[in-house]
Amino acid sequence: MGHCRTAWKPASTCYTGLLMPRVRFAPSPTGFLHIGSARTFIFNWLYARHHHGTMILRIDDTDVERNTQQSLDSIFEGLNWLDLGWDELYHQSERLDLHRRTAQAIFERGLAYRDFTPAGNEDSERSGANGTWLCNPGMRDMPREESDHRAKIEPFVLRFRVPREGPCDIRFRDAVYGEQSKSTADIEDFALLRSDGTPTYHLASCADDADLRISHIIRGQDHLTNTFKHILIFRAAGHEPPEFAHLPLLVAPDGAKLSKRRHGPVVSVTTYRDRGFLPHAFVNFLCLLGWSPKDDREQMSRQDLVDAFTLEGINRSNAVVNFTEDDPFDPKAVWLNAEHIRALPVEELAGRLLPFARAAGFRAEAEKMRQVTPLIRERIKLLTDVATAADFFFQDALAPYLAEELIPQKGDKAMALKVLQHALEVLSAVDFTHAALENTLRAAAQQLGIKTGQMFLPIRVAVCGRKTAPPLFETLEVLGRETCLQRIRQAIEKLR
RNA sequence: GGCGCUAUCGUCUAACGGUUAGGACGGAGCCCUCUCAAGGCUCAAAUACGGGUUCGAUUCCCGUUAGCGCUACCA
């Protein structure tokens with residue numbers, strides 16, 4: 001295949017003289033941004049940042065039938081939330097001239113031909129003797145004059161003329177999957193232009209990748225076998241193919257490819273956002289699916305990931321996102337999120353929690369949130385957990401609870417009453433600081449001749465409305481004297 | 001059907017051809033403790049199957065099985 005090869009134009013060179021990579025993420029706006037796409041974006045981004053290259057976002061919107069504005073919005077929403085950014089942005093629909101010129105050039109070189117077979121008419125002939133359809137009879141070898149003539153009155157698709165002389169393997173080395181080869185005898189004459197003159201994905205993608213001087217194509221493994229066609233197109237258009245790195249796919253627990261239809265919103269990036277994931281934790285989780293730093297690190301900062309990321313660290317088998325009917329999130333994602341929540345400075349965590357608190361209907365002030373945050377940070381896994389973990393800090397009325405809840409272990413109603421009445425007394429006088437509260441209440445327990453746990457439980461339930469809550473003294477401190485006394489009085493009423 | 005890719009605990013993964021096959025999540029238990037968490041410790045849990053090559057295969061080769069992908073005028 002002696003296709004002409006023009007010089008490859010590198011985008012830029014850094015001072016060491018090494019090529020700076022240019023990578024792209026090219027979603028098509030035909031649905032929301034799903035987590036598999038997000039991971040592809042992230043891996044591209046990491047590769048670009050690791051090598052000080054360029055991250056390009058290209059919207060592959062050549063399928064006019066299926067594109068929607070809503071989908072486009074959803075993709076940007078998801079990408080913006082990830083907070084990684086990109087350096088250049090292109091819309092494929094604005095580059096149709098380039099695609100047509102590329103197709104024309106390939107045609108003029110005799111490497112493509114017109115196929116006048118009516119659409120949908122080839123199915124019966126599709127499965128050939130050995131199971132592979134290669135081309136429609138009579139079209140590939142039609143004389144140029146006849147083709148030109150019929151082109152004036154008949155619609156046609158432009159097909160790539162896959163070389164057929166002798167056995168010939170197309171080869172490339174994938175950065176993840178290694179040496180790949182496929183015989184041209186197993187590659188059909190695929191379409192370049194549709195009968196309405198619009199470019200197919202294969203043509204548009206390759207024309208743009210070449211024009212944008214993409215150096216590394218990092219994409220899902222579902223494109224691995226398409227790559228042979230792409231290499232054919234690159235060469236036919238006079239370009240050296242870029243490097244390829246294919247990523248193992250993200251699959252559902254049943255092994256099926258993640259899809260909107262089958263798996264619903266659990267595969268949408270915005271679901272993770274809305275359910276209180278930190279973007280950073282989400283990125284961290286996705287990175288660990290199909291890639292490993294090869295040491296035992298799991299929780300990694302953005303910079304850790306940039307530093308550690310290599311194509312060699314990517315593995316070859318599909319990764320299961322372990323969600324279920326009951327729980328849409330992989331337990332490891334939730335754990336990582338909790339880890340990142342705990343690692344966040346209080347000030348920043350409080351800021352992230354605030355909108356979720358307000359969404360839960362709390363009258364939450366920034367300052368109050370800042371006080372509450374240290375008390376709940378080790379007790380929440382998702383930002384949305386603020387709704388159940390901090391309700392009694394923000395709501396005037398406690399959620400209803402049973403009087404029995406106030407009764408301590410190995411105690412009775414009388415003990416609960418005694419504790420609460422005594423607490424009412426001492427809490428009226430004590431300094432509302434952690435240390436003073438602790439000293440006072442421990443002393444009170446001793447004075448009443450009961451265990452500290454028996455002392456603390458009725459108070460906890462009285463002020464929080466439940467047995468499970470943050471440590472008592474800090475909680476009392478943040479709640480303040482008035483609220484505590486009032487709630488203890490209400491508890492006493494409840495017991496009578 | 002054809003072509004391609006893949007195969008280590010339930011899940012994510014580590015292991016120059018030589019390890020008691022390591023770590024993490026989740027599970028179980030213990031410790032700590034004012035509850036719940038967090039933290040610490042311990043336990044259960046894997047090389048799909050069959051052949052080779054080799055002194056020695058999780059690792060290399062072949063086959064089987066299973067899964068996935070591509071096989072569109074979708075991307």
Side-chain angles (χ1 to χ4, degrees), chain A residues 26-30 60-63 65-67 115 117-120 122-123 126-133 155-159 174 176-178 180-183 185-188 190-202 204-205 220-229 246 248-249 251 253-257 285 288-299 315-322 330-336 338 342 376-381 389 408-409 438 441-442 445 451-457 459-461 464 466-473:
Chain A
S28 63
T30 54
D60 278 8
D61 50 0
T62 54
D63 184 5
E65 297 288 305
R66 301 198 305 154
N67 293 336
D115 181 348
T117 309
E122 66 291 320
D123 285 345
R126 256 354 237 220
S127 35
N130 58 358
T132 310
W133 172 89
F156 60 88
V157 304
L158 191 72
R159 286 191 188 281
D174 188 88
V176 173
Y177 288 90
Q180 303 292 317
S181 79
K182 185 166 183 163
S183 168
D186 293 317
I187 304 174
E188 77 283 4
F190 53 92
L192 260 18
L193 291 177
R194 304 190 186 97
S195 52
D196 63 1
T198 59
T200 62
Y201 160 75
H202 297 303
S205 179
Q221 192 246 35
D222 47 345
H223 285 296
L224 188 60
T225 42
N226 285 333
T227 305
F228 299 103
K229 295 175 187 170
H246 287 87
L249 264 23
V251 298
D254 64 0
K257 193 176 168 182
F285 168 66
L288 263 19
L289 257 23
W291 174 81
S292 160
K294 303 292 186 188
D295 49 35
D296 285 337
R297 282 183 296 172
E298 302 256 36
Q299 193 198 151
N315 58 34
R316 284 167 288 278
S317 46
N318 293 348
V320 172
V321 182
N322 206 7
D330 190 311
K332 197 155 198 168
V334 175
W335 168 76
L336 264 176
R342 289 193 285 272
I376 62 168
R377 65 189 301 186
E378 284 178 357
R379 274 159 268 266
I380 58 175
K381 295 179 186 306
Q409 282 277 303
E438 177 156 12
L441 292 174
R442 282 188 188 280
K451 296 191 173 187
T452 50
Q454 294 176 311
M455 179 77 204
F456 300 155
L457 180 116
I459 304 176
R460 170 176 296 113
V461 174
C464 301
R466 71 174 93 98
K467 289 179 177 172
T468 301
L472 186 59
F473 317 116

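Just so we're on the same page: letters track the sequence lines, and every chain starts at 1.
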[X] has a side chain; which of [options] sits nearest to it?
X        : options                : result
A:Asp296 : B:rC5, B:rG23, B:rA38  : B:rG23
A:Lys381 : B:rC25, B:rU6, B:rA38  : B:rA38
A:Val157 : B:rC34, B:rC5, B:rC73  : B:rC73
A:Trp335 : B:rC36, B:rC73, B:rA24 : B:rA24
A:Thr200 : B:rU6, B:rC73, B:rA38  : B:rC73
A:Arg460 : B:rC34, B:rA38, B:rG4  : B:rC34
A:Gln221 : B:rU71, B:rU13, B:rG69 : B:rG69
A:Asp186 : B:rA14, B:rC12, B:rG2  : B:rG2
A:Ser195 : B:rC73, B:rC70, B:rU6  : B:rC73
A:Gln180 : B:rU6, B:rG4, B:rG23   : B:rG4

Watson-Crick or G-U wobble partner for [N], using a 3.5 Å limit on both distances?
N      : answer
B:rG67 : B:rC5
B:rA14 : none
B:rA21 : none
B:rU53 : none
B:rC30 : B:rG40

Exercise. Assess whether one donor atom and one acceptor atom, taken from the side chain of A:Lys332 and the base of B:rC12, lie less than 3.5 Å apart.
Key: yes

Quiz prompt | Side chain A:Arg379 and base B:rC36 donor-acceptor under 3.5 Å | solution = yes

Whole angstrom value for the distance that separates [atom2] of [N] from [atom1] of [X]:
X        : N      : atom1 : atom2 : answer
A:Asn322 : B:rC12 : CG    : P     : 7 Å
A:Lys229 : B:rG4  : NZ    : C1'   : 12 Å
A:Phe285 : B:rU11 : CZ    : P     : 14 Å
A:Asp295 : B:rA15 : CG    : P     : 11 Å
A:Arg466 : B:rA37 : CZ    : P     : 13 Å
A:Leu224 : B:rC70 : CG    : P     : 11 Å
A:Asn315 : B:rU58 : CG    : C1'   : 15 Å
A:Phe228 : B:rG4  : CZ    : C1'   : 7 Å

Under 3.5 Å: donor-acceptor pair, side chain of [X], backbone of [Y]:
X        : Y        : result
A:Arg316 : A:Val176 : yes
A:Asn67  : A:Asp61  : yes
A:Asp174 : A:His246 : yes
A:Gln299 : A:Leu336 : no

Just to confirm, is there a sub-4.0 Å distance from OP1 or OP2 of [N] to any side-chain nitrogen or oxygen of [X]?
X        : N      : value
A:Arg159 : B:rC73 : yes
A:Arg442 : B:rC34 : yes
A:Asn318 : B:rG69 : no

Quiz item: So, are A:Asp330 and A:Lys332 salt-bridged, with charged N and O less than 4.0 Å apart?
Solution: no

Touch check for [X], heavy atoms < 4.0 angstrom, all strands: base, sugar-phosphate only, or nothing?
X        : answer
A:Lys451 : nothing
A:Ser205 : nothing
A:Arg316 : sugar-phosphate
A:Asn226 : base
A:Gly290 : sugar-phosphate

How far, in whole Å, is [M] from [N] if one measures between their [atom1] atoms?
N      : M      : atom1 : value
B:rA44 : B:rG39 : C1'   : 22 Å
B:rU33 : B:rA38 : C1'   : 11 Å
B:rA15 : B:rU58 : C1'   : 8 Å
B:rU47 : B:rU20 : C1'   : 15 Å
B:rC9  : B:rG23 : C1'   : 12 Å
B:rC41 : B:rG26 : P     : 15 Å
B:rA48 : B:rG10 : C1'   : 16 Å
B:rU8  : B:rC3  : P     : 25 Å

Practice problem: Map A:Thr452 and A:Lys294 onto RNA chain B by nearest heavy atom, then report which one ends up closer to the 5' terminus. | Solution: A:Lys294

Exercise. Using heavy atoms to find the nearest nucleotide of RNA chain B for A:Leu288 and A:Glu438 separately, return the residue whose nucleotide is more 5′.
Key: A:Leu288

Quiz item: Within a reach of under 6.0 Å around NZ of A:Lys381, are more than 12 heavy atoms found that belong to other residues, nucleotides or ligands?
Solution: no

Practice problem: Measure the shortest side-chain to side-chain distance between A:Arg442 and A:Phe456 over non-hydrogen atoms and say whether it is less than 4.5 angstrom. | Solution: yes

